Amino acid sequence: MLKRYAFLAALILMSLSAFDARADRRVALVIGNSQYQEIPALKNPDKDAEDVSNTFRQAGFDVFVAKDVTKLQFEEKFRNYLAAADGADLAVVYYSGHGFQIGGENFLIPVDASLKVAADMEVQTIRLNDVLQQLRTKSEIQVIILDACRNNPFPRKDYWLRSQLIVSDGTGLAQVTGSQNALIAFATEPGAVAYDGSGDLSPFSSAFSRRALAPNQEIGAVMAAVRRDVVKATNGRQVPWENSSLIDDVVLMRAAGQPVQPAPDAQQNQQVAERGTLVATATEAIENRDISVPVGVGPVALKLDFPAKDVSIKLAGYPAVGTLSLPDRVLSPQSSLMAAEVDQLRYEPQIGSAAPVEIDFQIRAGNASKRATMKLSPSVDLCDQAAGEPLDLQGVAPGRLPNEIADGAVEACEAAVKAYPDVARFRYELGRALLVGGNIEEARKAIQEASDKGHVRAVYELGYLASSGVGMPVEATQANGFYSQASDRGDPYAMSAWGRALFNGVGVQRDTGKGLDLMLKAAAMGYINAMNDLAMIFKEGRNGVPADPVRALAFLKAGIERQEAYSMGILGLLPKRSTLAVAVCTPKVVTKVITKIKVIRTPAPKVPPPKIVTPKVPMVPGETGPSPWRGTGGDHDTNSGNSGNSRNSDNSG
């Protein structure tokens with residue numbers, strides 16, 4: 001019996017050791033907005049973002065950097081960041097730029113915001129609570145740091161928030177209540193104004209970058225030191241503030257351990273020439289290599305087959321994006337390695353970045369030293385290229401609508417599932433490809449497996465299958481259950497579908513306010529179908545929501561900016577009531593700044609042209625079209641008139 005307990009204890013200790021030794025996943029999104037188009041520019045945020053992003057890189061984070069972002073660019077960058085943050089131990093958002101409060105809620109302001117009409121707040125800004133809620137669904141610990149407590153610079157002071165017209169009620173930002181294990185830090189106390197300072201960096205960002213790199217300091221101690229520095233630098237006029245519900249310790253900068261060097265012996269006391277040969281051999285093993293690394297499958301072993309043992313290795317040039325790690329730790333710039341650890345090196349590309357990156361190694365043996373450079377090239381799997389879905393927050397590619405999925409997608413996704421059985425996304429994309437090909441039962445099985453493994457869009461898709469009756473009787477209640485579940489986990493398709501069901505009381509007791517709020521959240525994430533539904537609600541006035549053509553136009557304009565043809569179609573139905581309507585409706589050329597991988601816009605290699613087999617959708621008795629329980633239908637056709645064939649490139653996830 002004692003032996004049995006000893007064996008079990010050993011197993012537990014081994015499990016705990018394996019857990020403690022794993023490399024934490026830590027991601028940060030750093031935004032600096034300086035060059036505003038409609039209001040005076042700010043002098044510091046761009047430089048703040050550069051300085052703070054370097055700080056997080058040195059601390060071993062995968063850092064997404066965005067400077068002077070428009071609303072569309074923010075949506076794109078934020079979706080990539082959320083995909084990287086899925087399952088992360090710590091997710092950080094750092095924002096420097098304009099931000100202010102309306103109705104006790106905080107909004108971050110993209111550089112293209114004009115805020116001229118009351119509806120512009122809904123379509124042109126970023127609601128902080130939406131950002132925090134998304135992070136809650138993705139990571140164990142959330143940290144939001146805001147150097148954005150400036151006065152509202154826009155002349156208009158009243159804006160639509162859901163069903164109310166709210167007047168701006170104060171300066172600075174409002175206090176935020178976070179969930180468990182979250183910290184929200186402000187450059188100054190609630191309702192007060194932060195200062196730019198006299199240098200290149202704001203007093204807050206400067207203090208944070210300096211204090212955050214203190215090794216092994218818990219974040220509470222870091223923020224206390226930042227507060228002291230800012231109070232001193234501003235003569236007490238600015239007092240940083242934070243709300244914390246952290247239950248875990250958060251250490252931004254971990255002290256780097258020094259590698260254990262081999263003990264000197266007679267064999268190591270080689271002549272300089274022999275050491276030079278050793279260094280040269282080690283250098284050749286990694287010099288000028290170009291390794292293809294798949295995106296979105298976790299850290300990938302580089303398998304360098306490093307021959308040398310009696311050398312020391314130091315990172316002399318860290319990848320510009322993505323993270324290097326060993327099985328037990330994430331590496332930061334200037335990390336040192338033992339020779340035996342080189343073969344264990346792993347790299348995880350940053351989602352949305354297609355450019356190759358370089359790693360520089362400084363290899364030394366005695367007095368001999370040489371630098372070696374290796375290239376790593378991100379690659380998107382053929383399954384993602386052929387069957388990825390737009391706005392999939394766990395996806396890595398802009399995605400394809402069903403009519404763009406080609407026959408070869410099934411084979412590509414079957415290969416991906418075999419190669420990466422634990423990546424739920426590939427099972428979902430296999431289900432999409434099978435569904436387009438008319439293989440309903442196999443599609444349902446693959447989608448269910450993806451859902452069981454945690455893919456949120458697959459949960460939504462199960463709701464769509466239940467609501468539309470594809471291969472099964474229509475089940476409205478079951479569909480709403482799936483929509484609600486996926487909505488709670490942040491999926492914009494599900495938010496829109498569940499919101500529409502609640503708003504109209506279809507298959508569920510009507511809750512107009514909650515339904516409207518969910519559709520607004522989906523629209524804020526760039527989901528065009530939600531924008532179109534909202535435009536029709538405000539155009540006609542429904543369920544107690546008054547008609548407001550100007551508000552409808554604001555959502556249609558947002559759809560048009562994302563190149564949505566159906567938004568233009570609705571536009572023709574609106575009454576021409578004012579010169580404002582004419583001005584807003586005039587199509588304009590939108591210059592798109594694309595940050596995501598764009599090789600997938602062409603058909604996947606070796607995938608033949610599309611051949612679409614559309615499954616027959618049973619009709620509900622008495623209905624003349626698909627069941628309304630489909631909500632906005634995601635990338636499927638809907639009974640609202642929105643065509644699944646409309647192309648939505650800026651809206652891609």
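Computed from heavy atoms alone, side chains included, the values below leave out hydrogens, waters and symmetry copies. Note that this is a predicted model, so its numbers are computed, not measured.
Under a 3.5 Å cut-off, the side chain of R346 and the backbone N or O of T323 do not form any donor-acceptor pair. The main-chain N or O of V63 is found under 3.5 Å from a side-chain atom of Q350 such that the two form a donor-acceptor pair. A distance-only check finds no donor-acceptor pair linking the side chain of D360 to the backbone of A316 [under 3.5 Å]. For the pair N181 (side chain) and D248 (backbone), a donor-acceptor distance under 3.5 Å is present. One N or O on the side chain of R26 and one on the backbone of A59 form a donor-acceptor pair closer than 3.5 Å. R432 places no side-chain N or O within 3.5 Å of a backbone atom of I405 that could act as its donor or acceptor partner. In this structure a side-chain-to-backbone donor-acceptor pair under 3.5 Å is missing from R489 to K138. Looking at D68, its side chain does come within 3.5 Å of a backbone N or O of Q35 through a donor-acceptor pair. Here the side chain of R289 pairs a donor or acceptor atom with the backbone of L304 at under 3.5 angstrom. Put simply, the side chain of S139 never gets that close to the backbone of Q142: no donor and acceptor are under 3.5 Å apart.
Side-chain contact of D452 with Q448: a donor-acceptor pair under 3.5 Å is present, judged by distance alone. With 3.5 Å as the limit, one finds a donor-acceptor pair spanning the side chains of S209 and D51. For the residue pair K521 / Q133, a side-chain donor-acceptor distance below 3.5 Å is found, with atom types taken as modelled.
The two residues A497 and Y460 come nearest to each other via the heavy atoms CB-CE1, 4.1 Å. Shortest non-hydrogen contact noted between V131 and F74 is CG2-CZ, 4.3 Å.
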Please walk me through it: do E461 and L435 pass side-chain contact (heavy atoms from CB on, under 4.5 Å)?
-> CA-CA 11 Å; E461 192 72 14; L435 196 62; 3.6 Å; yes
Are I291 and K375 close enough, and set up right, to give a side-chain contact (heavy atoms from CB on, under 4.5 Å), and what steps lead you there?
-> CA-CA 6 Å; I291 301 175; K375 183 186 291 186; over 6 Å; no
Could you go step by step and tell me if Y81 and I31 meet the side-chain contact (heavy atoms from CB on, under 4.5 Å) rule?
-> CA-CA 12 Å; Y81 166 72; I31 301 173; over 6 Å; no
Walk me through it: do F306 and I313 pass the test side-chain contact (heavy atoms from CB on, under 4.5 Å)?
-> CA-CA 11 Å; F306 194 63; I313 302 100; 4.0 Å; yes
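Ring orientation note: the planes of Y94 and F56 are nearly perpendicular, at an angle over 60° on the 30°/60° scale.
Taking OG of S379 as the start and CG of D384 as the end, the distance is 10.0 Å to the nearest 0.5 Å. In this structure, L90 CG and L252 CG are separated by 7.0 Å, a value rounded to the nearest 0.5 Å. The distance from the CD atom of E358 to the OG atom of S377 is 9.5 Å, given to the nearest 0.5 Å. In this structure, OG1 on T373 lies 10.0 Å from CD1 on I359, to the nearest 0.5 angstrom. In this structure, CE in M495 is found 7.5 Å from CG in D491, a value given to the nearest 0.5 Å. How far CG of L324 is from OH of Y347: 7.5 Å, rounded to the nearest 0.5 Å.
Between K370 and E287, none of the side-chain N atoms (NZ, or NE/NH1/NH2) sits under 4.0 Å from a carboxylate O, so this pair counts as no salt bridge. A salt bridge links E341 with R329: the distance from a Lys NZ or Arg NE/NH1/NH2 to an Asp or Glu carboxylate oxygen falls below 4.0 Å. Of the charged side-chain nitrogens involved, at least one lies within less than 4.0 Å of a carboxylate oxygen, so that E75 and R562 count as a salt-bridged pair. The pair E561-K71 does not meet the salt-bridge criterion, since no charged nitrogen lies less than 4.0 angstrom from a carboxylate oxygen.
Contact of the F361 side chain with the R371 side chain is not registered, since no non-hydrogen atoms from C-beta on lie closer than 4.5 Å. Within the 4.5 Å cutoff, the side chain of Q134 has heavy atoms near those of the T137 side chain. You'll find the side chain of V250 stays beyond 4.5 Å of the side chain of L183, heavy atoms only. Side-chain atoms of I219 and V251, non-hydrogen and from C-beta on, never get closer than 4.5 Å to each other. No side-chain heavy atom of L376 sits under 4.5 Å from any side-chain heavy atom of P349. Residues S451 and V459 meet the side-chain proximity criterion, which asks for heavy atoms closer than 4.5 Å. At a threshold of 4.5 Å between non-hydrogen side-chain atoms, the residues F61 and V330 do not count as touching. V436 is not listed as a side-chain neighbour of D407, based on a closest heavy-atom distance of 4.5 Å or more.
The side-chain tip of R457 points at the ring of Y493 from less than 6.0 angstrom away and within 45° of straight on.
None of E389, K453, Q394, H455 except one satisfies the side chain to side chain contact (heavy atoms under 4.5 Å, CB included) rule with R425; the exception is H455.
Applying the disulfide (SG to SG under 2.5 Å) rule to pairs touching residues 390-460 yields C383-C413, sequence neighbours excluded.
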